[in-house]
Amino acid sequence: MVEFIEDTVNQTCACRSDKLVTDILIEKANDGFVFFEFRVTKGSVPKELSGKYSSINKAKEAVTVYLNQKSESVAVKRAYFAKSLEERKELNASKHK
């Protein structure tokens with residue numbers, strides 16, 4: 001699932017997904033033209049998303065296709081397993097009287 005949070009005044013869009021820990025940001029390029037490009041809050045932009053897009057809608061389509069094909073990141077899997085381990089520990093723990 002991809003969630004888009006748009007800011008029409010600043011011409012930006014934040015893309016959140018349950019497959020990634022970080023957000024993918026769509027911003028207006030600082031080259032003086034009408035193009036949009038991606039920025040990631042942590043790390044580098046995936047090579048599948050590198051480049052410039054003519055509109056925010058085209059960039060949203062590219063993010064949606066990318067995230068539909070991508071598997072969960074290692075950080076997301078690690079957080080899921082840690083959470084499930086804590087839940088199992090709570091279920092199996094004996095209560096002190």
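Sequential numbering from 1 along the given sequence is applied to the chain's residues. A quick note: this is a predicted structure, and the numbers were derived from the prediction, not measured.
- Note on F35 and V45: separate hydrophobic clusters, where clusters join Ile, Leu, Val, Met, Phe, Trp and Tyr whose side-chain heavy atoms are under 4.5 Å apart, directly or indirectly.
- With contacts defined as side-chain heavy-atom distances shorter than 4.5 Å, the pair E86/K83 does not qualify.
- Summarising the geometry, atom CZ belonging to R88 is positioned 9.0 Å from atom CZ belonging to F81; distances are rounded to the nearest 0.5 Å.
- For the atom pair OG (S73) and NZ (K77), the distance works out to 8.5 Å, reported to the nearest 0.5 Å.
- With values rounded to the nearest 0.5 angstrom, C13 atom SG is found 9.5 Å from D7 atom CG.
- Linking Ile, Leu, Val, Met, Phe, Trp and Tyr whenever their side-chain heavy atoms come within less than 4.5 Å leaves L25 and V21 in two separate clusters.
- Transitive grouping of hydrophobic side chains (ILVMFWY, heavy atoms separated by less than 4.5 Å) brings V40 and Y66 into a common cluster.
- A donor-acceptor pair under 3.5 Å is absent between the side-chain atoms of N10 and the main chain of T12, judged by distance alone.
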N/O donor to acceptor pairs below 3.5 angstrom from side-chain atoms of residues 53-65, sequence neighbours left out:
from: S55; atom 1: OG; to: K58; atom 2: N; distance (Å): 3.2
from: K60; atom 1: NZ; to: E6; atom 2: OE2; distance (Å): 2.2
from: T64; atom 1: OG1; to: K60; atom 2: O; distance (Å): 2.8

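- In the hydrophobic clustering of ILVMFWY residues, with side-chain heavy atoms under 4.5 Å counting as a link, F36 and F4 come out together.
- Evaluation of the side-chain contact (heavy atoms from CB on, under 4.5 Å) rule for N30 yields no partner, not counting sequence neighbours.
- E87 contributes atom CD, which lies 9.5 Å from atom CG of L85 (distance to the nearest 0.5 angstrom).
- Within 6.0 Å of the OH atom in Y80, the count of heavy atoms belonging to other residues, nucleotides or ligands does not exceed 12.
- Every pair passing side-chain hydrogen bond (donor to acceptor under 3.5 Å, both in side chains) that includes a residue from residues 13-29 is listed here, sequence neighbours excluded: R16-D23, E27-R39.
- C15 approaches I26 most closely through the heavy-atom pair SG-CD1, 3.8 Å.
- The shortest distance between side-chain heavy atoms of I24 and T41 does not fall below 4.5 Å.
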